[in-house]
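Take a look at the structure set out below.
Within every chain, numbering begins at 1; the chains are lettered A, B, ... in the order of the sequence lines, protein sequences first and strands thereafter.
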There are 2 protein chains.
Amino acid sequence: MTSTRPRRTDALTLEVVELIGAVVARYHEEYEQAAGRHGLTGAQARVLGLLALDPLPMRQIAQRLKCEPSNITGIVDRLEARGLVERRPSPGDRRVKVAAPTDEGTRVAESLRESLDFAREPLAGLSREERVVFRDMLRRMLGVD
Amino acid sequence: MTSTRPRRTDALTLEVVELIGAVVARYHEEYEQAAGRHGLTGAQARVLGLLALDPLPMRQIAQRLKCEPSNITGIVDRLEARGLVERRPSPGDRRVKVAAPTDEGTRVAESLRESLDFAREPLAGLSREERVVFRDMLRRMLGVD
DNA sequence: TATTGTTATACTCTATAACTATA
DNA sequence: TATAGTTATAGAGTATAACAATA
């Protein structure tokens, strides 16, 4: 059954790759717009969304976002100035500052998450079986077992 | 057949949405890295990739990237300084400048496109039928008929 | 007058390096 | 010494407004 393995120039594979690129572009677009509606930049929205799941020390935010810790200082500064995030001391280590969302920050994060309907809504048109197939393909694409 | 329509909190749908987010993050990461290997920023790589398909007036580049035209000036400036892009006059309208890739720019764009193997390689593990299903789902998600 | 591209400006994100306060 | 967070700095992307050349 090697006959179904795509060759390098396989038109179907190329189309799928292109579609994935389109999904990525669309996702980003919608994300930036949703952030903008709350007066946030994309980076600020990403940090807030991360903290809404779980408060984190500055350094760990940087690790999650794969950027330098020095960048996080400014982003959290701006979120803090907006009253969406606050820095808390860490009980065990006085060097560490834990960034946590305020009540309003939690609400904004929730609203942000819900405005990413672009992906969820079209999924509603799929049957459960189709969604399972889709999920498995995405998993395989990400190298998840 | 409304029984298969996912409810708002459907666990499977949420997982798929999350996986799409992961694919988006992964795609971006790989794209930035590929651009970096050529000494380009993500924005520069995107513009170069666009021009490699088709030379475009400055204003149209901005429309495609959904940003202000004034931003394109600087990005094309840097690509031009690297010898990857050149500005050409437009025969019909002397106000218009058409940005086009140089020979080296074309080579770099090709190399960039090929380094996005992350999507293509796992697709090789799918049968033709699976890829068709996957394609149709992506199309539906993007609202393409 | 309207349009194309540019310049000027201000803000944000980013990486690097040096600094501080803890450990 | 080593680590967490910050500051300082410089380059790049972004939007806004004003400008020159052309239509």
Item checked: Salt bridge present between A/Arg88 and A/Glu86 (N-O < 4.0 angstrom) -> yes

Check: Between A/Asp77 and A/Arg82, does at least one N-O distance fall below 4.0 Å, as a salt bridge requires?
Finding: no

Notebook entry, point to check: At what distance, to the nearest 0.5 angstrom, does CZ of A/Arg26 lie from CD1 of B/Ile20?
Noted result: 11.0 Å

Check: Is a donor on one side and an acceptor on the other found under 3.5 Å between the side chain of B/Gln60 and the backbone of B/Pro57?
Finding: no

Item checked: B/Asp54/B/Arg64 salt bridge by N-O under 4.0 Å criterion -> no

Checklist line | Nearest-angstrom distance from the residue atom CZ of B/Arg87 to C1' of C/dG5 | finding: 9 Å

Notebook entry, point to check: Nearest-Å distance, CZ (A/Arg59) to C1' (D/dT3)?
Noted result: 7 Å

Next item on the list: Would you kindly give the CG-to-P distance between B/Asp77 and C/dT7, to the nearest whole Å?
Entry: 7 Å

Checklist line | B/Arg88 CZ - C/dG5 P separation (whole Å) | finding: 15 Å

Checklist line | Donor-acceptor pair, side chain of B/Thr102 and main chain of B/Gly83, under 3.5 angstrom | finding: yes

Note to self: Nearest whole Å is fine: how far is D/dT16 C1' from B/Ile72 CD1?
What the structure shows: 15 Å

Checklist line | Residue list, side-chain contact (heavy atoms from CB on, under 4.5 Å) with A/Glu18, at least two apart or on another chain | finding: none

Check: In Å and rounded to the nearest 0.5 Å, what is the CZ to OG distance from A/Arg37 to A/Ser115?
Finding: 5.5 Å

Next item on the list: Starting at atom CG of A/Leu65, determine the distance to atom P of C/dT12, rounded to an integer number of angstrom.
Entry: 17 Å

Note to self: Without decimals, in angstroms, what is the distance between A/Ile75 CD1 and C/dT12 P?
What the structure shows: 11 Å

Margin query: So does A/Ser127 get a backbone contact from the side chain of A/Glu130, meaning a donor-acceptor N/O pair under 3.5 Å?
Written below: yes

Checklist line | Stretch residues 34-58 of chain A: residues that reach within less than 4.0 Å of DNA chain D through a heavy atom | finding: A/Pro57, A/Met58

Margin query: At under 4.0 Å between heavy atoms, how does the protein contact nucleotides 15-23 of chain C? Give one character per nucleotide, 5' to 3', with B, S or -.
Written below: BBB---BBS

Check: CD of B/Glu32 versus C1' of D/dG13: gap in Å, rounded?
Finding: 11 Å

